[in-house]
Amino acid sequence: MSAEQNSTQEKVRTRFAPSPTGYLHVGGARTALYNYLFAKHHGGEFILRIEDTDLERSTEESMRMQIEDLKWLGIVWDEGPDPETFADVGPYGPYRQSRRKEIYLEHAQRLIAEGKAYYDFRTDEELERLREERIAAGQSAQIGPPERIVPVEEALERIAKGEKAAIRFRVSEVRDYVLHDLVRGEVRFPSDMVGDFVCIRSNGMPVYNFCCVIDDALMKITHVFRAEEHLSNTLRQMMLYEAFGYKMPKFGHLSFILGPDRQKLSKRHGATSCHDFKMKGYLPEALNNFILLSGWSSPTGEEIISREDQIKHFTHERFNPSPAMFDTQKLDWMNSVYLRSLPHDELWRRIEPFLERAGLDLPMAKDPAWRDQALTVFKVKMTTLADAEKLFLPLSDAKFGIADEAAEVFGWPEAKKVWEAWKAELEALSSERITEEEFAGIEDRVKKATGAKGKQLFMPIRVAVIGQPHGAELKILVPLLTRSSLLKRVAACLARVN
RNA sequence: GUCCCCAUCGUCUAGUGGCCUAGGACACCACCCUUUCACGGUGGAUACAGGGGUUCAAAUCCCCUUGGGGACGCCA
């Protein structure tokens with residue numbers, strides 16, 4: 001759809017409608033992203049609606065957590081709960097289904113009045129038995145109408161006396177329904193694919209499929225991108241749109257995100273919520289970019305895509321209908337790319353909470369020049385922010401120690417000589433900080449004094465600096481430490497050989 | 001069981017009948033850079049699930065098989 005065409009049509013309005021039962025799952029995050037991007041691409045509006053009709057599982061706390069995750073990802077909505085106060089913002093509220101009960105009940109009454117729905121007094125046990133019978137008979141497990149539909153007046157009397165009844169939609173016509181899906185093309189559903197379905201539970205709460213239709217219609221939603229599991233729900237919803245005479249939005253059913261075992265990504269695969277990834281030190285930009293590309297591709301073929309370009313290029317033609325496996329290796333790569341491209345001030349700001357978490361003391365970090373120097377060295381080694389914890393560890397005096405991998409060096413005959421010469425050079429220094437040039441001079445003099453060269457020279461020095469045989473270049477590391485700190489460290493090495 | 005969806009390198013994908021001896025990215029391997037480890041650079045290996053059609057021509061269209069997933073809730 002071109003921009004010109006669109007301007008003459010109704011305004012594009014999309015929505016994300018999570019049920020607040022825990023943190024935001026990456027699959028949900030992707031759905032939210034796609035709806036957001038689609039709306040913005042078409043200059044439209046993106047709405048957040050909370051689907052909390054399941055009283056048992058929905059919590060206020062979960063809603064807040066999900067809003068937090070959405071904010072973290074940089075997905076912003078035009079209507080819905082205010083991100084700070086949670087108060088409804090927008091002309092079509094309330095945006096929480098638990099507060100729209102009257103609207104649903106009113107609609108249900110409309111269907112009853114028109115004979116399109118009926119009160120059902122059957123119990124769970126009865127229905128379960130019916131289902132089993134049908135499966136045993138090789139039929140689909142759909143629930144049909146009861147033997148006798150209770151007339152409205154009689155039903156009302158029984159309910160007044162305290163009996164419980166659900167309101168069920170009556171599937172009367174037998175015909176095919178054709179859905180023009182934005183990602184799958186034409187999908188044909190035979191109407192007998194579903195039985196008479198519940199609209200209002202016997203406890204008075206409406207059910208998902210029912211609310212969803214009414215809300216999307218009343219909130220003037222034009223396009224809905226949602227997970228594939230809803231594909232077969234769509235038939236019920238089509239029937240409902242027809243029954244109410246509401247205009248149906250365009251649907252696009254997204255394939256699943258799978259775990260390494262090709263099963264739908266779930267808790268047992270480890271990290272699956274945005275919150276998990278946040279705690280593991282992934283950047284929202286990276287996670288966002290990664291989920292964007294599992295199920296959609298850019299027309300330019302680029303993989304690292306700015307939010308601006310995401311919006312610019314986001315069209316439904318580029319959805320991939322087949323399921324995508326969640327590839328942590330690629331996410332890691334993407335995270336490191338974003339990490340390295342961050343300005344150092346910003347990178348430091350994001351690393352700090354992790355250093356704090358690890359209890360690292362780094363008094364030198366108050367100096368911006370020091371931070372800049374340190375990040376230049378370390379950021380190329382980081383895949384997640386959490387990696388800073390172990391990277392900055394050698395710079396912390398409190399946490400300094402000699403690693404097991406350094407043991408070999410202690411067996412070298414030159415090591416002790418090198419350390420003694422290194423220590424003498426440090427002691428001769430007048431300032432606390434050592435520049436790269438000074439270090440080069442020191443190293444050279446140690447070489448001459450001891451006769452050690454190559455690995456025999458720099459390995460012992462390295463161990464005396466960071467306590468381990470591998471790490472960043474010494475000429476960069478040494479200027480990050482103070483003279484007194486280096487003296488303490490070489491003393492530790494000498495103490496161990498003696 | 002019934003119905004629905006899906007099928008290109010290990011993974012994410014490009015591909016909408018000829019530009020495909022199938023392109024890119026991650027991962028992997030080799031080499032280069034490097035007084036370590038990374039970063040970076042260059043190169044390499046690796047895929048159209050199978051079988052039938054349609055067509056001058058099929059990864060691309062149709063059918064079947066197989067495999068994977070989903071729905072059949074008073075969950076969403």
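To find a chain, count down the sequence lines: A is the first, B the second, and so on, and within it residues start at 1.
- For A:Q329, whose side chain is taken as the heavy atoms from C-beta onward, the closest listed nucleotide among B:A27, B:U13, B:A76 is B:A27.
- By the 30° and 60° cut-offs, the orientation of the rings of A:F326 relative to A:F290 is perpendicular.
- Here the nucleotide nearest the side chain of A:V380, chosen from B:A38, B:A76, B:U11, is B:A38.
- Applying the 4.0 Å criterion to OP1 and OP2 of B:G15, one finds that A:R318 has a side-chain N or O inside that range.
- For the pair A:I257 CD1 and B:G69 C1', the interatomic distance rounds to 14 Å; values are reported in whole Å.
- For B:C3, the OP1/OP2 oxygens have no side-chain nitrogen or oxygen of A:R188 closer than 4.0 Å.
- Between A:R236 and the phosphate of B:C72, there is no side-chain N or O to OP1/OP2 separation shorter than 4.0 Å.
- Looking at A:S297 and A:R318, their side chains do bring a donor and an acceptor atom within 3.5 Å of each other.
- Within 6.0 Å of atom CZ in A:R201, more than 12 heavy atoms from other residues, nucleotides or ligands are found, so the atom counts as buried in its surroundings.
- Within the 4.0 Å cut-off from OP1 or OP2 of B:G73, not a single side-chain nitrogen or oxygen of A:N209 is found.
- For A:F256 and B:U11, the CZ to P distance is 19 Å, given to the nearest whole Å.
- Between A:R57 and the phosphate of B:A76, there is no side-chain N or O to OP1/OP2 separation shorter than 4.0 Å.
- Closest to the A:K330 side chain, of the nucleotides B:U35, B:C12, B:A76, is B:C12.
- Among the protein residues, A:V194 comes within range of no part of the nucleic acid, since none of its heavy atoms lies under 4.0 Å from any strand.
- OP1 or OP2 of B:C74 sits under 4.0 Å from a side-chain N or O of A:R131.
- Note on A:G195: nothing from the nucleic acid sits closer than 4.0 angstrom, heavy atoms only.
- Between the CD atom of A:E302 and the C1' atom of B:A25 there is a distance of 12 Å, given to the nearest Å.
- Taking the side chain as every heavy atom from C-beta outward, A:Q456 and A:V418 never approach each other to under 4.5 Å.
- In terms of phosphate contacts, A:S322 brings no side-chain nitrogen or oxygen within less than 4.0 Å of OP1 or OP2 of B:C5.
- For the pair A:I351/A:L385, a side-chain contact is recorded, criterion being any heavy-atom separation below 4.5 Å from C-beta on.
- What separates CE of A:M238 from P of B:C4 is a distance of 14 Å, to the nearest Å.
- With distances taken from any side-chain atom of A:H230 to the nucleotides B:C12, B:A76, B:U35, the minimum falls on B:A76.
- Contact annotation: A:S232 side-chain N/O to B:C72 OP1/OP2 distance is not under 4.0 Å.
- Atom CG of A:N289 is separated from atom P of B:U13 by 14 Å (rounded to the nearest Å).
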